[in-house]
> 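Below you will find the structure I want to go over with you.
Just so we're clear, the structure is a prediction, and the values are computed from it rather than from any experiment. Scope of the values below: all heavy atoms of this structure, side chains included, with no hydrogens, waters or symmetry mates.
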Amino acid sequence: MPRFVQHIAPFVFLATSIPAFTSEDFFAAARKGDVAILKAHLDKGLDVNKKWRYDQTALMVAASRGHVDAVKLLLDRGADVNIKDSFYGVTVLAAAMGFGSPVEEINSAAIARMLIEKGASGKEQLLTEAARSGKAQVIKAVLPLGPWKPETLTAALVAATANKHQAVEEALKSAGATPPVEVKIDAATLARYAGSYVGDDKTELRLEVNEGSLRAVITGGPVMPLRALDQSTFEPAQYPGSQKIVIVTKGDAVTGFELRAGAKTIGFTRKDAQ
C-alpha cells in the first residue's frame, strides 16, 4: 500500500465509525424518549427547536408520549414551550395530555407542571380539560401554580361536577372554586331562541327547549345541553369554557347567533320564521 494511503487509512476508519446523526433520528429519539440520543444530537449542535412535520418540535413529540426525562432535557436546553402544531393548532401543553397516543396520568401531571413552570400558555384551558377528564393527579400538580382566574376555577368545577369526578371537585373547591351563579331565563324567551339555524360553514343546527333549558342539536351529530351565562349567552353544559353561543337579535326578532370558540367565530343565520 502506498505510504500516503497507509497514513490516512486510520482516519478514514475513525470517521466511518462515528454514527451520522440526522434530524429524523432526533425526532425518532423524541418519540421513544431516548435521552442519550437526544443529548448526543444537541451536543453536536442540532437546534432544540428544529421543526418537524406540521411544525412540531421534539418537545411536543416527547410531551405527547409522556416521556418525562426527555421533556426535562429539552426544557433544560431551551426548548420553546409555546410552539403550536400547524395542522391541528395543538400546543405543547395540550400535547402533554396525550395528543397522538395515550399518556399515563402521572406522566401528564409531571410534564404539565414543568411546562407551566417554564411559562407555557394555555394553563387555564388545561385545568378545565383535566377536570372534565377526571385527571385528579394533573389537577393536584398544577393547582399550586396559580393564580387562577375565578371563572376558570368555576368552569373546571362545573366540568368535574357534570362528569361526576368527585376527587377533582374536592381539589378544586379546596383551591377556592365556587359553583356558578344560576341564570334563570323565562320560558317565553327560550321559546324565541328555539329554531333552525345554518352556519357560515354550512353546518345546520337546531336550538330546542328541553326541561326548561336550551339545547343544541347538530344535524347528524350530538345533542348538547346548554347552560345560560346571561340572558342571551350560553355554553355547552359539559364543556364549560370551550365555546359560547351568543344570540343575535334585530328588534324583537332573533336573526341568528354567533358560535365563539377561542379566537374563532362562526355566524349562524336563522332559517325558520318566528
> Please evaluate residues Leu205 and Phe257 with respect to the criterion side-chain contact (heavy atoms from CB on, under 4.5 Å), reporting the C-alpha separation (whole Å), side-chain torsions for both, the decisive distance (0.1 Å), and the verdict.
CA-CA 11 Å; Leu205 183 150; Phe257 65 81; 3.8 Å; yes

> Quick check: does any side chain N or O of Asp200 sit under 3.5 Å from a backbone N or O of Gly267, one acting as donor and the other as acceptor?
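Yes; judged by distance alone, with no hydrogens or angles, the pair exists.
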
> Using side-chain heavy atoms (C-beta onward) and a distance below 4.5 Å, is Thr161 in contact with Val168?
no

> For Gly212 versus Leu190, what's the shortest heavy-atom pair and its separation?
O-CD1, 3.3 Å

> Locate the shortest heavy-atom distance separating Gly66 from Val103; write the atom from each residue and the value.
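The answer is CA-CG1, 3.5 Å.
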
> Just verifying a value: how many Å separate Arg113 CZ and Lys123 NZ, rounded to the nearest 0.5 Å?
11.5 Å

> Within the distance-only criterion (no hydrogens, no angle test), does the side chain of Asn163 pair as donor or acceptor with the backbone N or O of His165 below 3.5 angstrom?
no

> Backbone N or O of Val61 within a donor-acceptor pair of the Ser64 side chain at under 3.5 Å?
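Yes: the side chain of Ser64 pairs with the backbone of Val61.
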
> What about Ile106 and Met97, same hydrophobic cluster or not, with Ile/Leu/Val/Met/Phe/Trp/Tyr joined at side-chain heavy-atom distances under 4.5 Å?
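No.
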
> Specify the closest pair of heavy atoms between Ser242 and Tyr239, including all atoms of both residues, with the distance to one decimal.
OG-O, 2.6 Å

> Examine distances only and state if a side-chain atom of Asn210 and a backbone atom of Ser213 form a donor-acceptor pair shorter than 3.5 Å.
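Pair absent, no side-chain N/O of Asn210 close to backbone of Ser213.
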
> Can the ring centres of Tyr197 and Phe268 be said to be less than 6.0 Å apart?
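No: the rings miss the under 6.0 Å criterion.
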
> How about Glu258 and Thr265: does a side-chain donor come under 3.5 Å of a side-chain acceptor?
no

> What is the distance from atom NZ of Lys244 to atom CZ of Phe234, rounded to the nearest 0.5 Å?
13.0 Å

> Could you pull out the closest heavy-atom pair between Glu105 and Gln137, with the gap in Å?
OE2-N, 2.6 Å

> How long is the span from the OG atom in Ser232 to the CD1 atom in Ile245, to the nearest 0.5 Å?
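Spacing of OG (Ser232) from CD1 (Ile245) equals 12.0 Å.
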
> Donor-acceptor pairs are to be reported for all side-chain atoms of residues 215-228 against protein atoms at under 3.5 Å, with residues two or more places apart or in another chain.
unit_1, atom_1, unit_2, atom_2, d
Arg215, NE, Glu208, OE1, 3.0
Arg215, NH2, Glu208, OE1, 3.1
Thr219, OG1, Glu204, O, 3.4
Arg227, NE, Glu235, OE2, 3.3
Arg227, NH2, Glu235, OE2, 2.3

> If you look only at distance, which donor and acceptor atoms sit under 3.5 Å apart when one is on a side chain in residues 149-160 and the other is two or more places apart or in another chain?
unit_1, atom_1, unit_2, atom_2, d
Thr152, OG1, Glu124, OE1, 2.4
Thr154, OG1, Pro150, O, 3.2
Thr154, OG1, Thr178, O, 2.9

> Starting from the C-alpha separation in whole Å, work towards a yes-or-no answer on side-chain contact (heavy atoms from CB on, under 4.5 Å) for Tyr193 and Val209.
CA-CA 9 Å; Tyr193 297 161; Val209 179; over 6 Å; no

> Check whether Leu214 and Leu229 end up in the same hydrophobic cluster, where Ile, Leu, Val, Met, Phe, Trp and Tyr are linked by side-chain heavy atoms less than 4.5 Å apart.
no

> I'd like to know if Asp272 and Arg270 make a salt bridge, using a cut-off of under 4.0 Å between side-chain N and carboxylate O.
yes

> Enter the distance from Leu207:CG to Arg192:CZ here, rounded to the nearest 0.5 Å.
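Interatomic distance, Leu207 CG to Arg192 CZ, rounded to 0.5 Å: 12.5 Å.
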
> Could you go through Asp55 and Lys84, starting from their C-alpha distance and side-chain angles, then the distance that decides it, and tell me whether this counts as side-chain contact (heavy atoms from CB on, under 4.5 Å)?
CA-CA 7 Å; Asp55 288 339; Lys84 278 188 178 181; over 6 Å; no

> Any Lys/Arg nitrogen of Glu129 or Arg132 sitting under 4.0 Å from an Asp/Glu carboxylate oxygen of the other?
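Between Arg132 and Glu129 there is a salt bridge, with a charged N closer than 4.0 Å to a carboxylate O.
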
> Can you see which heavy atom on Pro240 is nearest to which on Ala237, and at what distance?
CD-O, 3.7 Å

> Taking Trp52 for the side chain and Ala58 for the main chain, is one N or O donor matched with an acceptor at less than 3.5 Å?
no

> Between Asp34 and Ala29 (side chain of the first, backbone of the second, donor and acceptor by atom type, cut-off under 3.5 Å), is there such a pair?
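No, the answer is negative, given that no donor and acceptor are paired below the 3.5 Å cut-off.
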
> If you group Ile, Leu, Val, Met, Phe, Trp and Tyr by side-chain heavy-atom gaps below 4.5 Å, do Ile266 and Val198 land in one group?
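Different hydrophobic clusters.
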
> Show, in sequence, the C-alpha distance, side-chain angles and deciding distance for Leu115 and Val92, and conclude whether the side-chain contact (heavy atoms from CB on, under 4.5 Å) test is met.
CA-CA 8 Å; Leu115 292 171; Val92 179; 3.7 Å; yes

> Under 3.5 Å, is there a donor-acceptor pair between the side chain of Thr91 and the main chain of Ala94?
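Yes; judged by distance alone, with no hydrogens or angles, the pair exists.
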
> Tell me the closest heavy-atom pair linking Ala112 and Leu126, and the distance in Å.
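Looking at all heavy atoms of both residues, the shortest contact is CB-CD1, 4.2 Å.
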
> Let me check something: any side-chain donor-acceptor pairs from residues 70-81 under 3.5 Å, sequence neighbours excluded? List them with distances.
unit_1, atom_1, unit_2, atom_2, d
Lys72, NZ, Asp76, OD2, 3.0
Arg77, NH1, Asp43, OD1, 3.3
Arg77, NH2, Asp43, OD1, 2.9
Asp80, OD1, Asn82, N, 2.8

